[in-house]
Each structure stands twice: as structure tokens, then as C-alpha cells.
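The block underneath contains the structure these notes are about, expressed in C-alpha cells.
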Amino acid sequence: MQFTVAIDGPAAAGKGTIGRALAARFGFAHLDTGLLYRAVGALGGDPVAAARGLTAADLARDDLRSMAAGQAASVVAVIPEVRAALVDFQRRFARAEGGAVLDGRDIGTVICPQAEVKLYVTASAEVRAHRRWLELGGDATRVLAEVIERDARDMGRAEAPLRAASDAVVIDTSALPIEAAIAAAVALVQAKL
Ligand code: DC
């Protein structure tokens, strides 16, 4: 069986949590596509060469979760050749036997426009910054500024900007407990299976 769940949205909206929950519930494989861009940003040097030569070991680095790695990822993600180098891997993953969940910024719009279920998970910048601050610490005002800066870059770039696909179901987690968001996502997948 091939079945793709595409989850897009800004940083710290809850995409990863919902994606992992769906994968566990339905036995699907899960790919956090942000990790690909984070690894390219962390490798340094020529980002296009890094994207073309990405290995499993690059994705397993333990320094990819920081705010700095997120910013570096967002910067290299603007480069069309970087994005192009990562398309085939993501599409193969999406159509692998047994079902797949991919979360990122352009999954429902560019990578998997035919996905069986598309979600756009979002929340206010203030709520998302607060979550990042609880997770990673640091100066709260600066964390909010970085979230806003990253949103602007991811939404404003020319190539595959972050936006909801026209047929995506929007889940706003600003005031919604994560359990309720997961339940809504599970119900949507269940209905399509
Ligand atoms: O989801 P994340 O915070 O790990 O993503 C890090 C950055 O990578 C994000 O700010 C933009 C980029 N990205 C992208 O352009 N397309 C994706 N599908 C996933 C991430």
C-alpha cells in the first residue's frame, strides 16, 4: 500500500509531534525533512555539493536541533539547487510501500502534491517561540525574533515558499492541546484509508 501524509507549517507548530504520532498509530515511516536542510547547513562549505552528497551519517549528527542549525537550514533552503538535490529522496520516501508521513515546508505543495492527506499545522509566533524557549532555553525575546525572522525567510523565498496547499486541512495549535491536534489528524487519515 502507498499512502502519503504531507504535513507543512512553520517551526515549532507541532508538525513533528503530529507526524511521529501518525507514524506510530498507522505503522507509517516518518521523515522530518527539516533534518535534510539542517544537515546541509551544518556541513558548511558549498551547500549545493553538501546537498548532493548527503549521507545517513550527516543526518545523525547531534548538533542539528539548535536554533542556530535551524537558521542555517533556512538560509541554505532558499537555494533552488539545494532543494532540487533533495527532491528525489523525499519523493521515493513518500511512495515507499507501507505508507509514509513527511513533515516540512513544501511537502503538500511541491514534493507530494498528490498526497492522500495534507495538513497545515500552525500556531501564533508567540506560542511557537515560547515552545522553542521551553525546549532550548536562551533569551525569550531573541527566540521570538528568530522565529519571526525564519518565518519571513521560509514564506518569502521564491522557490517552494512555505504556504498551505489549497487542499490542506489547517490545524491551529495556538490554543489546541497537542492530544486534540493528534486526534484530529488521526481522524483525517482514518477517513482516507
Ligand atoms: O522543520 P525545521 O525547523 O527543522 O526546518 C529547518 C529549516 O529547513 C526551515 O526553516 C526551512 C527549511 N526547510 C525547507 O525549506 N523545506 C522543508 N521541507 C523542510 C525544512
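A heavy-atom distance below 4.5 Å is not found between the side chains of Asp103 and Asp8. Considering only heavy atoms from C-beta on, Trp133 stays 4.5 Å or farther from Leu144 through its side chain. Using a 4.5 Å heavy-atom cutoff, the side chains of Asp154 and Pro10 are not in contact. The shortest side-chain heavy-atom distance between Pro80 and Glu159 falls under the 4.5 Å cut-off.
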Exercise for review: Would you please test Asp172 and Leu176 for side chain to side chain contact (heavy atoms under 4.5 Å, CB included) and show each step?
Suggested key: CA-CA 7 Å; Asp172 189 325; Leu176 191 69; over 6 Å; no

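Closest non-hydrogen pair, Leu86 versus Ala51, comes out as CD2-O, 3.9 Å. When all heavy atoms of Gly108 and Ala165 are compared, the pair lying nearest together is O-CB, 3.9 Å. Between Asp58 and Gly53, the shortest heavy-atom distance links the atoms OD2-O, 4.1 Å. Nearest heavy-atom pair, Pro113 versus Lys118, reported as atom, atom and distance to 0.1 Å: O-NZ, 2.9 Å. When all heavy atoms of Gly41 and Val76 are compared, the pair lying nearest together is N-CG2, 3.9 Å. Summarising the geometry of Ala185 relative to Ile18, their closest heavy-atom pair is CB-CG2, 3.7 Å, with the distance given to 0.1 Å.
Counted by atom type alone, Asp106 and Thr109 present zero donor-acceptor pairs between their side chains at under 3.5 Å. Counting only N and O atoms by type, the side chains of Arg25 and Gln190 include a donor and acceptor under 3.5 Å apart. When only modelled atom types and interatomic distance are considered, Arg163 and Tyr120 share no side-chain donor-acceptor pair under 3.5 Å.
Between atom NE2 of residue His130 and atom CD of residue Glu126 there is a gap of 12.0 Å, rounded to the nearest 0.5 Å. Remark: Ile111 CD1 to Thr33 OG1 distance equals 7.5 Å, nearest 0.5 Å. Rounded to the nearest 0.5 Å, atoms CG (Asp139) and CE (Met67) are 10.5 Å apart. Note that the CG atom of Leu64 and the OH atom of Tyr37 stand 14.5 Å from one another [nearest 0.5 Å]. Atom CG of Leu188 sits about 6.0 Å away from atom CD1 of Ile171, to the nearest 0.5 Å. A distance of 7.5 Å separates CD1 of Ile107 from CG of Leu31, quoted to the nearest 0.5 Å.
With respect to Ser74, the side chain to side chain contact (heavy atoms under 4.5 Å, CB included) criterion is satisfied by exactly one of Arg105, Arg157, Arg38, Arg150: Arg150. With Leu102 as reference, Thr4 is the one residue of Val5, Thr4, Ile7 to meet the side chain to side chain contact (heavy atoms under 4.5 Å, CB included) rule.
Ring geometry for Phe26 versus Phe28: interplanar angle under 30°, hence parallel rather than tilted (30 to 60°).
The pair Glu135-Arg131 does not count as a salt bridge, with every side-chain nitrogen at least 4.0 angstrom from each carboxylate oxygen. Remark: Arg95 engages Glu116 in a salt bridge, criterion side-chain N to carboxylate O under 4.0 Å.
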